[in-house]
Student: 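My questions all concern the structure below.
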Amino acid sequence: MIDPKLLRADLPNIAERLKLKHYDLDCNHFSMLDAQRKDQQIEAEALQQERNSYAKSMGKLIAQAKANGDDIEPLKQRGEQLKNDSSTADAKLAEVQTAIDELLQGIPNLPHASVPAGNDESDNIEIRQWGSPLELSFGAKDHVDLGAKLNGLDFDTASKITGSRFSYMRGGLASLQRALTQFMLNTHIQDHGYEEVYVPYIVNRDSLFGTGQLPKFEEDLFKLEDERGFYLIPTAEVPVTNIYRNEIVDNLPIKFVAHTPCFRSEAGSYGRDTRGLIRQHQFEKVEMVQFVHPNDSWDVLEELVGHAEAILQKLKLPYRTVALCGGDLGFSAAKTYDIEVWLPSQKKYREISSCSNFTDFQARRMKARFRNGQGKPEFLHTLNGSGLAVGRTLLAVMENYQQEDGSIEIPNVLQPLMNGATHIRV
RNA sequence: GGUGGGAUGGCAGAGCGGUUGAAUGCACCAGUCUUGAAAACUGGCAUAGGUUAAUAGCCUAUCUAGGGUUCGAAUCCCUAUCCCACCGCCA
């Protein structure tokens, strides 16, 4: 959520900045609502005060009336009148406040000054490249063909078990995915200073609101048939970031890493990436989440991207890093870097990680705070990044390490985690 | 799934319809004393929102959350959540 005070103080400027994200803020509507709110609130609080002070004096008034032998009823009626007046004013205020809250909750985070303008991913700016795109002397197969030949990746069986956009792996490929997960976790824990956490894979509405998936993006989620309003997590970001919802923490930064499955309904992506592992309803991801002091979040974002890139470098997978343009930026993010890995079969870079600074946007929704120098609670900043999407990393390894005979060489750093095996063979 | 007991400020813990935003203790901050520290003493010490130039005053809300009863609720009623105990079931 954007700071409502900021919005009041600097409305035209904020509206201008939000245009970069293609969000059209109706300034007049907001101003009108806020003016209404102000009038209503002053009135409601004044009536409340009158009601309170009358109720407080009631004890004495009753004693006095009784001493004089007077009827107490008129005193009570006066109280009732005050109650009714203040209730009416409260109801009006609540109505205006709800309208404002709905408007406020629908406003995306402000993009950072460095975010480039643009409409979609084609306008993203390449920041750097690492490694050179793989050139094969033989025709590059894609991971689906490679996996089928290895008898290790089977989408037909998965669709029998469940449906489309699920996968079934066996043997070396299943182990390789597990080795990748383990490798990523170990690297982040040992080299990058993260603490591993284990979290629920089912979350409630409050958590999804906190990180910004709700109320606007419900169609992307799998909702459970359960009156408690539970959802499968679309990313570990949700449970991990919400660890500090409604908390005041005292030691920043806090760096967590978690491995979880992720569940996405992929509504609205019919026909996109239907082949293979790229876009699945269920996939594994290692996620880094940081809670930091507001002064540090921009430096930490650069560091976080570096942590994700380190995995690709150790795996010797060529990639490039891009800064998302305003139109491609997510709802809650102030700035996002995507890391895209080279896929020889597609001769394209494809997203494998997304690292974002959410500034205080999630923290305000979650009421996640720390004590500043004066000991006052202040909203902290949250960041997260995939480190990495495991399924996509698996397919990138398969394609970039494929041999002419269809076997897959196992990257050096993974071999110890694969019982020393060097190849996955037919 | 069943039964019973809980949830109060940073922590512990009173209060159980009427000047209670909330006793007391601990912790914390400032001061007095001291060469310094400790002890003792004095004072301070919640959060959010509004109003405001103001992190000054003033107002409102908040005793897990949401409803209700009442002129008045931390206190009474209902619901939810979580915790604890026991029974049943279970990886």
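Atom set for the values below is all heavy atoms of this structure, side chains included, hydrogens, waters and symmetry mates excluded. In what follows, chains carry the letters A, B, and so on, assigned in the order in which the sequence lines appear, proteins first and then strands, with residues in each chain numbered from 1.
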Student: Can you measure from CG (A:Leu380) to CD (A:Glu247) and round to the nearest 0.5 angstrom?
Tutor: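 Reported to 0.5 Å precision, the distance equals 11.0 Å.
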Student: Take atom C1' in B:A54 and the same atom in B:G50, then report the distance between them in whole Å.
Tutor: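 Comparing C1' positions in B:A54 and B:G50 gives a spacing of 15 Å.
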Student: Does atom CD (A:Gln313) have a neighbourhood of more than 12 heavy atoms from anything else shown, all under 6.0 Å?
Tutor: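 Result for CD/A:Gln313: enclosed.
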Student: For B:G17, give its Watson-Crick or G-U wobble partner with both distances under 3.5 Å, or none.
Tutor: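 Matched B:G17 with nothing under the 3.5 Å cut-off.
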Student: Provide, to the nearest angstrom, the distance between the CZ atom belonging to A:Arg371 and the C1' atom belonging to B:C45.
Tutor: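 So the CZ-C1' distance, A:Arg371 to B:C45, works out to 11 Å.
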Student: By the 4.0 Å heavy-atom rule, please label A:Lys376 as base, sugar-phosphate, or nothing.
Tutor: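 Sugar-phosphate contact only - A:Lys376 comes under 4.0 Å of backbone atoms but never of a base.
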Student: Is there a Watson-Crick or G-U wobble partner for B:C41 with both distances under 3.5 Å, and if so, which one is it?
Tutor: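 Its partner is B:G31.
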Student: Using heavy atoms to find the nearest nucleotide of RNA chain B for A:Tyr54 and A:Pro377 separately, return the residue whose nucleotide is more 5′.
Tutor: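 The 5'-side residue here is A:Pro377.
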Student: Under the criterion salt bridge (charged side-chain N to carboxylate O under 4.0 Å, His left out), which of A:Glu287, A:Glu195, A:Glu303 is the partner of A:Lys255?
Tutor: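 Among the candidates, only A:Glu303 passes.
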Student: Identify the nucleotide, in any strand shown, that forms a Watson-Crick or G-U wobble pair with B:G1, with both distances under 3.5 Å; if there is none, say none.
Tutor: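 Matched B:G1 with B:C87 under the 3.5 Å cut-off.
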Student: Given the P atoms of B:G67 and B:A73, what is the spacing between them in whole Å?
Tutor: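 Approximately 14 Å lies between the P atom of B:G67 and that of B:A73.
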Student: For nucleotides B:C26 and B:C33, find the distance between their P atoms and express it as a whole number of Å.
Tutor: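 The same atom, P, in both gives a distance of 23 Å.
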Student: Is the shortest distance from a Lys or Arg side-chain nitrogen in A:Arg78 or A:Glu50 to a carboxylate oxygen in the other one below 4.0 Å?
Tutor: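 Answer for the salt bridge query: yes.
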Student: For A:Glu378 and B:A48, give me the distance from atom CD to atom C1', rounded to whole Å.
Tutor: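 My rounded result for the distance is 15 Å.
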Student: Between A:Thr98 and A:Asp101, is any side-chain donor less than 3.5 angstrom from a side-chain acceptor?
Tutor: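 Not at all, the side chains of A:Thr98 and A:Asp101 share no donor-acceptor pair under 3.5 Å.
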Student: What distance, rounded to whole Å, do you find between the two P atoms, one in B:G9 and one in B:A22?
Tutor: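 About 15 Å, rounded to a whole number of Å.
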Student: Of all the heavy-atom pairs spanning A:Gly212 and A:Phe331, show the shortest one and how long it is.
Tutor: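 Shortest heavy-atom contact: O-CD2, 3.8 Å.
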Student: Counting only heavy atoms not in A:Glu302 (residues, nucleotides, ligands), do more than 12 fall under 6.0 Å from its CD?
Tutor: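 Buried by this count: over 12 neighbours within 6.0 Å.
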Student: Which value, in whole Å, describes the distance between the P atoms of nucleotides B:A61 and B:G68?
Tutor: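 Looking at atom P only, B:A61 and B:G68 are 16 Å apart.
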Student: So what's B:C82 paired with, Watson-Crick or G-U wobble, going by both distances under 3.5 Å?
Tutor: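 Paired with B:G6.
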Student: Just checking, is any N or O donor in the side chain of A:Asn109 or A:Ser332 under 3.5 Å from an acceptor N or O on the other one?
Tutor: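 No, no side-chain donor-acceptor contact under 3.5 Å.
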Student: Counting only side-chain nitrogens and oxygens, does A:Arg51 get under 4.0 Å of the OP1 or OP2 atom of B:C71?
Tutor: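 A:Arg51 to B:C71 OP1/OP2: no side-chain N or O under 4.0 Å.
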Student: Name the pairing partner of B:G57, where a pair is Watson-Crick or G-U wobble with both distances under 3.5 Å, or state none.
Tutor: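 With both distances under 3.5 Å, B:G57 matches B:U51.
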Student: Pairing check on B:U24: which nucleotide meets the Watson-Crick or G-U wobble criteria with it, both distances under 3.5 Å?
Tutor: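 Because both required distances fall under 3.5 Å, B:U24 counts as paired with B:A12.
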Student: Contact list please: residues 79-91 of chain A against RNA chain B, heavy atoms, distance less than 4.0 Å, in numerical order.
Tutor: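 Here the set is A:Gly79, A:Glu80, A:Lys83.
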Student: In this structure, how many angstroms lie between the C1' atom of B:U52 and the NZ atom of A:Lys5, rounded?
Tutor: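 Nearest whole value for this atom pair: 13 Å.
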Student: Output the rounded distance in Å from CG (A:Asn204) to C1' (B:C82).
Tutor: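 So the two atoms are 12 Å apart, to the nearest Å.
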Student: I need the CD1-P distance between A:Ile42 and B:G49, as an integer number of Å.
Tutor: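 Atom-to-atom, A:Ile42 to B:G49, this comes out as 16 Å.
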Student: I need the CD1-P distance between A:Ile248 and B:G10, as an integer number of Å.
Tutor: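 Going from CD1 in A:Ile248 over to P in B:G10 covers 7 Å.
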Student: Taking CG from A:Asn246 and P from B:G10, how many angstroms apart are they, rounded to a whole number?
Tutor: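 Between P of B:G10 and CG of A:Asn246: 13 Å.
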Student: Between A:Arg279 and A:Glu266, does any NZ, NE, NH1 or NH2 come within less than 4.0 Å of an OD or OE carboxylate oxygen?
Tutor: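 Looking at A:Arg279 together with A:Glu266, the answer is yes, because their closest N to O distance falls below 4.0 Å.
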Student: Who is the Watson-Crick or G-U wobble partner of B:A46, with both distances under 3.5 Å?
Tutor: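 Paired with B:U62.
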Student: Just the atom pairs and distances: protein N or O near nucleotides 56-67 of chain B's N or O, under 3.5 Å.
Tutor:
unit_1 : atom_1 : unit_2  : atom_2 : d
B:C59  : O2     : A:Glu45 : OE1    : 3.4
B:A61  : OP1    : A:Gln48 : OE1    : 3.4
B:A61  : OP1    : A:Asn52 : ND2    : 3.1
B:A61  : OP2    : A:Asn52 : ND2    : 3.3

Student: Salt-bridged, A:Arg364 to A:Asp3, with N to O below 4.0 Å?
Tutor: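 Yes, this pair counts.
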Student: List in numerical order all residues of residues 33-40 of chain A for which some heavy atom is under 4.0 Å away from an atom belonging to RNA chain B.
Tutor: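 A:Arg37, A:Lys38, in order of number.
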Student: I'd like the P distance from B:U19 over to B:A74, given in whole Å.
Tutor: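 So the two P atoms sit 10 Å from each other.
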Student: Which value, rounded to the nearest 0.5 Å, describes the distance between A:Glu399 atom CD and A:Asp145 atom CG?
Tutor: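 With rounding to 0.5 Å, CD (A:Glu399) is 9.5 Å from CG (A:Asp145).
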Student: Please report the interatomic distance CE(A:Met418) to CD(A:Gln182), rounded to the nearest 0.5 Å.
Tutor: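 Nearest 0.5 Å value for the CE-CD distance: 12.5 Å.
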Student: Counting only side-chain heavy atoms from C-beta out, which of B:G72, B:A48, B:G49 sits nearest to A:Gln41?
Tutor: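 The nucleotide sitting nearest to the side chain is B:G49.
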Student: May I have the distance from A:Leu93 (atom CG) to B:U51 (atom P), rounded to whole angstrom?
Tutor: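 The distance from CG of A:Leu93 to P of B:U51 comes to 12 Å, rounded to the nearest Å.
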Student: My understanding is that only one of A:Glu43, A:Gln36, A:Arg37 makes a side chain to side chain contact (heavy atoms under 4.5 Å, CB included) with A:Gln40; could you say which?
Tutor: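 Testing A:Gln40 for a side chain to side chain contact (heavy atoms under 4.5 Å, CB included) against A:Glu43, A:Gln36, A:Arg37 leaves exactly one candidate, A:Glu43.
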Student: Expressed as a whole number of Å, how far does the P atom of B:G4 sit from that of B:G43?
Tutor: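 Approximately 49 Å lies between the P atom of B:G4 and that of B:G43.
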Student: For A:Ile410 and A:Ala421, work out which heavy atoms get closest and say how close.
Tutor: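 Heavy atoms of A:Ile410 and A:Ala421 come nearest at CD1-O, 3.6 Å.
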Student: Mind checking the P distance from B:A38 to B:G31? Whole angstroms is fine.
Tutor: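 Their P atoms lie roughly 12 Å apart.
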